[in-house]
Visitor: 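Handing you a structure now.
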Amino acid sequence: MAKTKPGKKDLDSYYIKGTNKVVRPGDCVLMRPSDPDKPPYVARVEKIEADHRNNVKVRVRWYYRPEESIGGRRQFHGAKELFLSDHYDVQSAHTIEGKCIVHSFKNYTKLENVGVEDYFCRFEYKAATGGFTPDRVAVYCKCEMPYNPDDLMVQCEGCKDWFHPSCMGMTIEEAKKLDHFLCSDCSSDDDAKRSLNSFPVSPSIEKPKRRKR
């Protein structure tokens, strides 16, 4: 005759072993990988529970790094970019190494300084199919690439699009010294229409176009 499993109880919080940091449902955490040479896994804690022996487990929703996705890491993916997956799991709370913050893309681009614990997420990811939500994002520059917040970009005062200095034949150092910038289309007398990005969102990291005050 099978024994009934002793009841489990939900916990409001959990102290990370060896620290004074408290984890609560909704927090993002760093979890110890099985391979010590790999970076820690990142997950969002959905639930914390303890069994009758006080073994604490956490139900988590995993974040994937771009290189862990089916498509792999691409040029526009930021170094601190993560995808919120539909992959849920239950893990021992002892594997939590620390806490981190996964910002929205917009908030991440507004950070004055990006700390070790700062990440960002702009896509949800279906682990089984490799699909992304949203499946389209705004593109910028002549190269028509989505915005990578790690890359300095300059804004054209004419068309208001954003450009990589390298695509404009400039070095990053030259771009940082600019007070004004017009892209080649806006600075030429050619009235040929350009295909402008139809998305109203523009990157705002470190405001590469210096403004006089």
Side-chain angles (χ1 to χ4, degrees), residues 28-31 33-35 37-44 60-89 100-156 159-176 181 183-185 194-209:
C28 294
V29 294
L30 303 169
M31 305 193 77
S34 51
D35 183 346
D37 293 330
K38 289 188 175 180
Y41 297 127
V42 182
R44 189 173 74 191
V60 298
R61 185 176 181 183
W62 293 114
Y63 283 97
Y64 280 41
R65 288 183 169 83
E67 54 269 25
E68 296 166 343
S69 69
I70 291 175
R73 180 173 284 280
R74 298 177 63 185
Q75 182 182 340
F76 63 87
H77 290 142
K80 305 301 288 291
E81 183 157 8
L82 302 170
F83 310 143
L84 181 61
S85 79
D86 57 354
H87 180 186
Y88 291 84
D89 208 351
C100 61
I101 304 169
V102 181
H103 301 270
S104 68
F105 184 61
K106 185 177 180 180
N107 288 345
Y108 181 84
T109 61
K110 293 178 179 178
L111 292 177
E112 291 288 332
N113 296 294
V114 176
V116 175
E117 74 285 357
D118 290 311
Y119 295 87
F120 74 89
C121 176
R122 56 178 155 179
F123 297 107
E124 289 195 15
Y125 175 69
K126 292 191 180 300
T129 63
F132 290 92
T133 304
D135 60 355
R136 293 178 181 273
V137 289
V139 294
Y140 301 93
C141 191
K142 290 197 304 184
C143 62
E144 295 192 340
M145 291 293 290
Y147 180 46
N148 182 339
D150 299 333
D151 294 340
L152 177 76
M153 297 183 83
V154 290
Q155 187 179 32
C156 172
C159 63
K160 303 301 181 185
D161 201 355
W162 292 77
F163 295 85
H164 300 109
S166 58
C167 293
M168 295 288 101
M170 291 185 289
T171 65
I172 290 175
E173 288 69 29
E174 289 170 340
K176 286 181 177 178
F181 170 70
C183 70
S184 54
D185 285 348
R194 341 178 26 243
S195 58
L196 290 180
N197 169 34
S198 60
F199 293 80
V201 180
S202 36
S204 56
I205 191 167
E206 73 175 272
K207 296 189 174 54
K209 184 186 72 168

Visitor: With a sphere of 6.0 Å drawn around CD1 of I172, does it hold more than 12 non-hydrogen atoms of other residues, nucleotides or ligands?
Guide: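 Check fails, neighbour count at 12 or below.
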
Visitor: Could you measure the distance from the CG atom of L82 to the CZ atom of R122? Nearest 0.5 Å is fine.
Guide: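 Separation between the atoms: 11.5 Å.
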
Visitor: Assign the ring pair H87 / Y64 to parallel, tilted or perpendicular, where the plane angle (0 to 90°) is split at 30° and 60°.
Guide: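 H87 vs Y64 ring planes: perpendicular.
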
Visitor: Going by the angle between their ring planes, with limits at 30° and 60°, are Y147 and Y140 parallel, tilted or perpendicular?
Guide: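 It falls in the perpendicular class, over 60°.
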
Visitor: So do the side chains of Y108 and E81 get within less than 4.5 Å of each other, counting heavy atoms only?
Guide: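 Side-chain contact under 4.5 Å: no.
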
Visitor: Test side chain to side chain donor-acceptor pair (under 3.5 Å) on D118 and H103 and set out the steps.
Guide: CA-CA 7 Å; D118 290 311; H103 301 270; 2.7 Å; yes

Visitor: Looking at residues at least two apart in the chain, or sitting in another chain, which of them share a salt bridge (Lys or Arg N to Asp or Glu O under 4.0 Å) with E112?
Guide: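 By the salt bridge (Lys or Arg N to Asp or Glu O under 4.0 Å) rule, E112 matches no residue at all.
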
Visitor: My understanding is that only residues two or more places apart in sequence, or in another chain, count here; which of them pass salt bridge (Lys or Arg N to Asp or Glu O under 4.0 Å) with R61?
Guide: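 Partners of R61 under the salt bridge (Lys or Arg N to Asp or Glu O under 4.0 Å) test: E124.
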
Visitor: Around R73, counting heavy atoms of other residues, nucleotides and ligands shown, do more than 12 lie under 6.0 Å from its CZ?
Guide: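 Buried by this count: over 12 neighbours within 6.0 Å.
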
Visitor: Counting N and O atoms only, with roles assigned by atom type, does the side chain of S85 sit under 3.5 Å from a partner on the main chain of W62, one being a donor and the other an acceptor?
Guide: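 Yes.
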
Visitor: Can you tell me if CD on E67 sees more than 12 non-hydrogen neighbours from other groups inside 6.0 Å?
Guide: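 Yes.
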
Visitor: On the ring face of Y119, is K80 found with NZ or CZ under 6.0 Å from the centre and within 45° of the axis?
Guide: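 Geometry flag: set, cation within 6.0 Å and 45°.
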
Visitor: Quick check for you: to the nearest 0.5 Å, what is the distance between C183 atom SG and K142 atom NZ?
Guide: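 One gets 9.0 Å once the value is rounded to the nearest 0.5 Å.
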
Visitor: Rounded at 0.5 Å granularity, tell me how far CZ in F181 sits from CD in Q155.
Guide: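 CD of Q155 is found 10.0 Å from CZ of F181.
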
Visitor: Give, for atom SG of C156 and atom CZ of F163, the distance between the pair rounded to the nearest 0.5 Å.
Guide: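 Rounded to the nearest 0.5 Å, the SG-CZ separation comes out at 5.5 Å.
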
